[in-house]
Amino acid sequence: MPQELFLEFKNNNLLPFLFGEHNTHLSHLEKVLKISISDRGNTLRLSGETRPVQQAQTILNTLYKKLETKDMTDISVADIDAQIRFMNDPPNGAAPDSDDKRSALAIRTKKKTIAPRSPNQAAYLEQIRQKDMVFGLGPAGTGKTYLAVAAGVDMFLQGKVERLVFCRPAVEAGENLGFLPGDMKEKIDPYLRPVYDALHDMLPFDFLIKRMETGDIEIAPLAFMRGRTLSRAFVVLDEAQNATSMQVKMFLTRMGEASRMVITGDPKQSDLPANVKSGLNEAIELLSDIDEIGFTRFETKDVVRHPLVAKIIKAYDKE
C-alpha cells in the first residue's frame, strides 16, 4: 500500500553528511528500497510502499541521531547498507537486538571508529568480548579478520592484554619460503599484508612501528608459533583453512594465562592438497560442543565489500 512521509531535520550543517555528496545516500536508498525521495532544504518527502518507506524513515532518523551525538562523524553507503541488514536480518541469538546495544560494541581505535555492519558481525564482536576463544567462519569480505584485529587493538589499548600476536599459514600450508627472494621478513610479508593493512587503518604509523620493534605487536607465520606459550596476549590465526590438523592443534595449545584467541577462515576454501584434511574443519568438528568456545558463522549476506562480491560468491557457490 502506497505511503507518503515527511522528515524534517533541524541542523542544516549535518545534512551534507546525511544526504551524501550530490544526494548519493538518498539515491542509494531510493534504489535499494524502491521508493522515491525528494528534498526541499531540510525536509524530505518519502513515498512508496509502506514498509520500505518506514524503513527509510528509521534509517535516516537513526543516522541523523548518530551525527547529532557525534557517534558518527561521517556516513557512507556502507553505513546505510548496514542499517538495512540489521532491519532485514533477525538477530541470530548471540547478536544484540537494539541499535543502542550495537553502538556499545563500537571499537574506537587511535585512528577510526569501527562498528558492526551485520547481525553476525555484532554477534562476533560480542563473542570475542565474552569468550576466551572464538572461531570466525565464512566467506571472504565478511570482516572476520578486520574485526578480530580491531578487537585485539581495542583490548591492547585498554591494557586488557599485553601483546598482540597475528599469524597465518604462509604459502598455503607448506610454508616453503625458500624459493622466494629476500630475507625472511620479505618472504613472509606478502602473506601477512591483510593484517598489516588492518593495523595501519587503526593505529598511527609511528606507534605501530615502535610497538612492533619492542615485540608488543608481532606478525609472524604460523610455523613461528611452535614451542611457545602465549600469555596475556590477544592472538589471531588468520586463513586457518590452509593449516593442517597438526598446525591448528599446535596453535590452539599455545594458549597461556589471561590470553584470548580468535581463529578465522573459510572452511569451503582450503588450498590444501585434496588428500590433506583442513585443520580448521577438524577443529570445528572436535570443539563445537565446548561451551567456552564461540563460533560465528558468516554468510554471503554478511559481505561488506562491494555489493558485487556477494553476487560473485553466490555464483561460485551455485557452481
### Query
What are the two closest heavy atoms between Met202 and Val153, and how far apart are they?
SD-CG2, 4.2 Å
Side-chain polar contacts of residues 4-19 - donor-acceptor pairs under 3.5 angstrom, sequence neighbours left out - could you list them?
| residue | atom | partner | partner atom | Å |
| --- | --- | --- | --- | --- |
| Glu4 | OE2 | Arg45 | NE | 2.7 |
| Glu4 | OE2 | Arg45 | NH2 | 2.9 |
| Asn11 | OD1 | Asn13 | N | 3.0 |

### Query
Hey, what do you get for CG (Leu67) to CD1 (Ile75), rounding to the nearest 0.5 Å?
4.0 Å
### Message
One thing to verify: whether Asp79 and Arg117 come together as a salt bridge, which I'm taking to mean a side-chain N less than 4.0 angstrom from a carboxylate O.
### Response
yes
### Query
Should the ring pair Phe135 and Phe295 be called parallel, tilted or perpendicular, given that the plane angle runs from 0 to 90° and is split at 30 and 60?
parallel
### Message
Go through it in stages, so that I can follow the logic: the residues are Ser38 and Leu44, the test is side-chain contact (heavy atoms from CB on, under 4.5 Å), and I'd like the CA-CA distance, side-chain angles, deciding distance and then a yes or no.
### Response
CA-CA 6 Å; Ser38 58; Leu44 292 180; over 6 Å; no
### Message
Looking at Glu21, I want to see if its CD is surrounded by more than 12 non-hydrogen atoms of other residues, nucleotides or ligands under 6.0 Å.
### Response
no
### Query
If you measure from CD1 on Ile35 to CG on Leu26, what distance do you get to the nearest 0.5 Å?
9.0 Å
### Message
Counting C-beta onward and ignoring hydrogens, is there a side-chain heavy-atom pair between Arg85 and Lys301 closer than 4.5 Å?
### Response
no
### Query
Any side-chain heavy atom of Pro204 within less than 4.5 Å of one from Asp206?
no
### Query
Heavy atoms, side chains only, cut-off 4.5 Å: are Asp132 and Glu292 in contact?
no
### Query
If only atom types and distance count, is the side chain of Arg254 paired as donor or acceptor with the main-chain N or O of Met250 below 3.5 Å?
yes
### side-chain contact (heavy atoms from CB on, under 4.5 Å) evaluation trace for Met133 with Leu252
CA-CA 9 Å; Met133 182 179 290; Leu252 297 179; 4.0 Å; yes
### Query
Would you say the side chain of Asn242 lies within less than 4.5 Å of the side chain of Ser270, judging by non-hydrogen atoms?
yes
### Query
Cut-off 3.5 Å, side chains only: do Asp216 and Thr214 have a donor facing an acceptor?
yes
### Message
With heavy-atom distances below 4.5 Å as the criterion, would you say the side chains of Ile209 and Glu213 are in contact?
### Response
yes
### Task
Apply side-chain contact (heavy atoms from CB on, under 4.5 Å) to the pair Leu203 and Ile217, showing each step before the final yes or no.
CA-CA 11 Å; Leu203 296 171; Ile217 298 177; 4.0 Å; yes
### Worked check of side-chain contact (heavy atoms from CB on, under 4.5 Å) between Ile37 and Asn23
CA-CA 10 Å; Ile37 303 176; Asn23 286 354; over 6 Å; no
### Interatomic distance, Thr58 atom OG1 to Met87 atom CE [nearest 0.5 angstrom]
4.5 Å
### Query
Counting distance only, does the side-chain N/O of Lys277 pair as donor-acceptor with the main-chain N or O of Ser245 below 3.5 Å?
no
### Query
Taking C-beta and beyond as the side chain, do Lys249 and Leu286 meet within less than 4.5 Å on heavy atoms?
no
### Summary
d(Tyr196 OH, His200 NE2) to nearest 0.5 Å is 8.0 Å
### Query
Is the backbone N or O of Lys144 less than 3.5 Å from a side-chain atom of Tyr124, with the two atoms forming a donor-acceptor pair by type?
yes
### Query
Which value, rounded to the nearest 0.5 Å, describes the distance between Thr145 atom OG1 and Leu237 atom CG?
9.5 Å
### Donor-acceptor contact below 3.5 Å, side chain Thr296 vs main chain Gly136
no
### Message
Can you tell me which residue among Met255, Met261, Arg163 is in a side chain to side chain contact (heavy atoms under 4.5 Å, CB included) with Val235?
### Response
Met261
### Message
Can you give me the closest heavy-atom contact between Cys167 and Phe251, atom names plus distance?
### Response
SG-CE1, 3.6 Å
### Query
Any idea which heavy atoms bring Ala240 and Ser278 closest together, and the distance?
O-OG, 4.3 Å
### Min side-chain heavy-atom separation Ile128-Met155 under 4.5 Å
yes
### Query
Where is the tightest heavy-atom contact between Arg129 and Leu105, given as atom of each residue plus distance?
NH2-O, 3.4 Å
### Message
Considering only residues two or more places apart or on different chains, which pairs with a residue in residues 223-242 satisfy salt bridge (Lys or Arg N to Asp or Glu O under 4.0 Å)?
### Response
Glu162-Arg232, Arg168-Asp238, Arg168-Glu239, Glu218-Arg228, Arg232-Glu257
#### Entry: ILVMFWY network linking Leu60 to Val77, side-chain heavy atoms under 4.5 angstrom
no
### Query
Hey, what do you get for OG (Ser118) to CZ (Phe86), rounding to the nearest 0.5 Å?
6.0 Å
### Task
For residues Val53 and Ser47, report the shortest heavy-atom separation together with the two atoms involved.
CG2-C, 3.6 Å
### Query
Is a side-chain donor-acceptor pair under 3.5 Å present for Thr142 with Asp302?
no
### Query
Closest approach of Gln55 and Leu33, non-hydrogen atoms and distance?
OE1-CD2, 3.5 Å
### Task
Please examine the side chains of Arg108 and Leu157, heavy atoms only from C-beta on, and report whether any two atoms are closer than 4.5 Å.
no
### Task
Test Leu147 against every option in Ile114, Val262, Thr264 by the side chain to side chain contact (heavy atoms under 4.5 Å, CB included) rule and name the one that passes.
Ile114
